[in-house]
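Structure, as structure tokens:
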Amino acid sequence: MEKAVFIIFAIVAVGSALNLIAQRNPLYSALSLIGTLASLSALYVTLHAQFIAAMQIIVYAGAIMVLFVFVIMLLNTPEDHPEIEKQQWLRYLAIPFAAVLIGEALYVFREIRNITLPAQGEAEHAIGTTWSIGTNLFTQYLLPFEATSVLILMAIIGAIVLARREES
Amino acid sequence: MLALLQQTSDFQIISRETVQLIMPEVILTVFGCAALVLDVMLPRALKKVVAWVSLSGVGLSLVSLGILYPNLVNNQSARVGFFEMILVDDYAVVFKLMFLIGAAISIILSIKYLDEEGEQHGEYYSLILFSVVGMMFMASAVDLLSLFISLELMAISVYILVGYLKRDRKSNEAAMKYFLLGAFSSGVLLYGMSMVYGLTGSTNLAKIAAAIPNVLKIDVVKTMTERSVMDMRYLLLLSMVFMAAGMFFKIAAVPFHMWAPDAYEGAPTSITAFMSVGVKAASFAMFGRLFLYGLPDLRATIAGNAADSVPSLPGWAVLLGVISAITIVWGNLGALTQNNLKRLLAYSSISHAGYTLLGLIAGNQTGYIGVVLYLFIYTIMNLGIFGCIIALKRRGISGDNINDLNGLIKKAPWLTVMMTIFLLSLGGIPPTAGFIGKFYLFGGLIETGNPWLARLAILAVVMTVVSLYYYLRFVKHMYIEEETETTPLAPSRVLNWTLSVAAVVIVLIGVYPKWFIDISQRAARSQALKTYSYKAEEAEQPLELPGSMGAPSR
């Protein structure tokens, strides 16, 4: 089961990464990047790293991708990609997809009552929870964590140095 | 809140002494940030102040290293800190000293170079300081995670510095190539690391070293009908090769050297100087940590199991031997036909990486001393030669074509003499320091008594003679050729003094190398004999296995 999940999501991740490079329209590339990030986050879940998986979705697929898409929208005028108009038939896929989504939601709502949560103490110390990540980050991995912050500062400075307009 | 703090203070996450261990790095980081802030505050005419502030940061860091050294770290006790993320021993301290000296000289070279280019900015110096922080952590990190992050900290700062001359297309191209190939090689390195983690279950180098004998065990299960062999050695070897490939890229060993000539030519000359010594030395420090601490059992031939017809496999000594032979030959042959000084020195630096690898292959005291000593000497002499090239730079003349050297003896006799000293040292001619370094590297190989290693040493000596051809071409242009242009040099007093000191030091080491050999020996000893680790306290077994490198054909 876990292997099957891994294989499916790995294929999706690599496939959307390839699609990202192959697409000519930057918006499609951005959407494929979301596919990669989302399937990566699924892989994190299989590794019992739920927190990282959630972060992956919220931070990358959510916040950062929205920024990406905004920038692409601001830079490109709509008439640059008329090929969007060509694929009229895609809209008819919306109906089955919506039906599947609604069915899924109904199923979850019905089943959620039957789930028993693990005891409080167990949950706290399980791998991949915020508690264990926070503890590890500020004890065992304190030095790499701080070094990474310097690393990111460096990357920001680099981006500014290289992208800044010359004042002369 | 306060109660919570008091509670955690019993828990002693980090003690004062642990913080002291990274004090040199902390000081550099603070000065790097200060340089950024100062750059914004100062008017254009005073930007040079940032350079001096950065230089004083390096100086302070040196002082703190000096205080740290005799008090906390000494020959008897290496200090582990931050949950075994770093290990501050003689090896780390000597390399940190090397990086700080290199950084100080590079900053001095940069002041003059950026003046000529009209690109005096504060971020430049803060990027240098941050990359030195990365290098210093690379020397002391003993965990795959901290090693990798410090490597990236160094590398990303240097990628940006290579592309610093935004209006120069060569600089852009160099940065692009270096960045893309560098990112790729980091990926390869990381892939190797992840497999090692998977096989040994730890990211800590000492724990990896302790776990490897278990991985190397071959389980042969025989049942009535079939025989299954559990052999993880191939996977381990594959991950070792991946990690080695990543490191070969960073030290620019053939066949991972393609980026070096372009990156060295396109980068600002002061950065070429900095990356040819700093990045290379730091990568060697990491190479040593990874392979001598982390994978000592993979050095020699990995025994198979004759009874079950499981073959023996070659260890990393063979891999390094082949790579260093190719590197030495290719680097020297490539340099022969170059007319651009920076490209020529790029090829020469490739060959020097090959020479330095020899010390790791030898795997004895002499070899390890050779590695540290040679990197130390190489730092000084290579910065010296690049300093001379920067001194030649003036309005309209880049100073990096070999014809710019024509008739230099008439224009600047002292500069010519200094340049000659550095060149002779790079070539390894006796009264200079380069000879001492090569003596230890080649001597280590001969000492092992292994015929293959002796042949490698002979090859290296022959190629050293070849290298003299292109080093002496400089000399010919400086002394014999007629002047082709008469623009006067634009001397800088600070640069001249620095180069003079470097030249004197190079001669001094050549004549009286004792002090440098002593400190290299300390570093080598901590590397070779103190397998600081969970297993080693009682049984102090040396990592070296004399003469154990099997012939490649076997």
Side-chain angles (χ1 to χ4, degrees), chain A residues 2-3 6-7 9-10 13-14 17-18 20-21 29 33 36-37 40 43-44 46-49 51-52 55-56 124-125 127-128 130-168, chain B residues 8 11-14 18 21-22 25-26 28-29 32-33 35-36 39 44 81-86 118-119 121-124 126-127 129-131 133-134 137-138 140-141 143-161 163-164 166-167 171-172 175 179 203-204:
Chain A
E2 221 176 281
K3 204 174 248 175
F6 173 80
I7 289 170
F9 282 108
V14 175
L18 289 176
L20 187 156
I21 305 169
S29 295
L33 185 54
T36 309
L37 295 172
L40 270 186
L43 292 182
Y44 280 127
T46 62
L47 292 172
H48 303 287
F51 179 70
I52 305 281
M55 281 296 116
Q56 179 88 6
E124 258 183 12
H125 295 276
I127 319 164
T130 27
W131 189 88
S132 60
I133 286 178
T135 319
N136 276 318
L137 206 55
F138 290 99
T139 55
Q140 170 89 57
Y141 298 111
L142 181 66
L143 187 82
F145 176 70
E146 298 296 346
T148 310
S149 64
V150 180
L151 177 70
I152 292 171
L153 175 68
M154 235 42 274
I156 295 170
I157 293 168
I160 293 171
V161 166
L162 294 179
R164 182 181 51 194
R165 197 168 286 148
E166 290 294 327
E167 60 255 47
S168 70
Chain B
T8 49
F11 186 43
Q12 277 292 324
I13 296 176
I14 16 170
T18 347
L21 285 180
I22 58 163
E25 287 93 335
V26 170
L28 277 188
T29 313
C33 295
L36 284 175
D39 178 54
R44 188 168 261 269
F82 291 97
F83 299 84
E84 282 131 26
M85 283 286 163
I86 58 165
E119 291 272 7
H121 291 299
E123 314 94 23
Y124 177 93
S126 80
L127 283 165
L129 292 188
F130 281 123
S131 72
V133 172
F137 275 130
M138 274 165 88
S140 55
D143 192 284
L144 293 181
L145 191 62
S146 48
L147 271 174
F148 183 74
I149 286 175
S150 38
L151 173 75
E152 285 302 288
L153 178 55
M154 172 194 81
I156 287 183
S157 313
V158 177
Y159 299 147
I160 299 160
L161 287 170
Y164 193 74
K166 274 185 289 178
R167 278 168 291 193
S171 176
N172 297 347
F179 171 70
T203 55
N204 187 291

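Everything quoted here is computed from the prediction, not taken from an experiment. Below, chain A is the first sequence line, B the second, and so on; all start at residue 1.
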- Any side-chain heavy-atom pair of Leu143(A) and Ile22(B) under 4.5 Å: yes
- Apply the test side chain to side chain contact (heavy atoms under 4.5 Å, CB included) to residues Ile157(A) and Ile160(B): give CA-CA distance (whole Å), side-chain angles for both, the deciding distance (0.1 Å), then the verdict. CA-CA 9 Å; Ile157(A) 293 168; Ile160(B) 299 160; over 6 Å; no
- With only heavy atoms counted, which part of Leu127(B) is less than 4.5 Å from chain A, the side chain, the backbone, both or neither? both
- Item | chain A contact via Phe137(B) - side chain, backbone, both or neither, heavy atoms under 4.5 Å |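 The answer is the side chain of Phe137(B).
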- Message: How close do Met85(B) and Gln140(A) get, counting heavy atoms only, and between which atoms?
- Response: CE-O, 3.6 Å
- Query: If you draw a 6.0 Å radius around CZ in Phe148(B), do more than 12 non-hydrogen atoms from other residues or ligands fall strictly inside?
  - Reply: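 Above 12, so yes.
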- Item | Pro144(A): which of Leu144(B), Ile86(B), Ile149(B), Leu147(B) passes side-chain contact (heavy atoms from CB on, under 4.5 Å) |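 Exactly one candidate clears the test, Ile149(B).
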- Task: Quick one: which residue pairs count as a side chain to side chain donor-acceptor pair (under 3.5 Å) with a foot in residues 149-160 of chain B, not counting sequence neighbours?
- Result: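 For residues 149-160 of chain B, and leaving out neighbouring residues, the side chain to side chain donor-acceptor pair (under 3.5 Å) pairs sorted by first residue read Glu152(B)-Ser186(B).
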Enumerate, atom names and distances included, each donor-acceptor pair closer than 3.5 Å involving a side-chain atom of residues 149-156 of chain A, sequence neighbours excluded.
residue   : atom : partner   : partner atom : Å
Ser149(A) : OG   : Glu146(A) : O            : 2.4

- Please walk me through it: do Phe83(B) and Leu142(A) pass side chain to side chain contact (heavy atoms under 4.5 Å, CB included)? CA-CA 9 Å; Phe83(B) 299 84; Leu142(A) 181 66; 5.7 Å; no
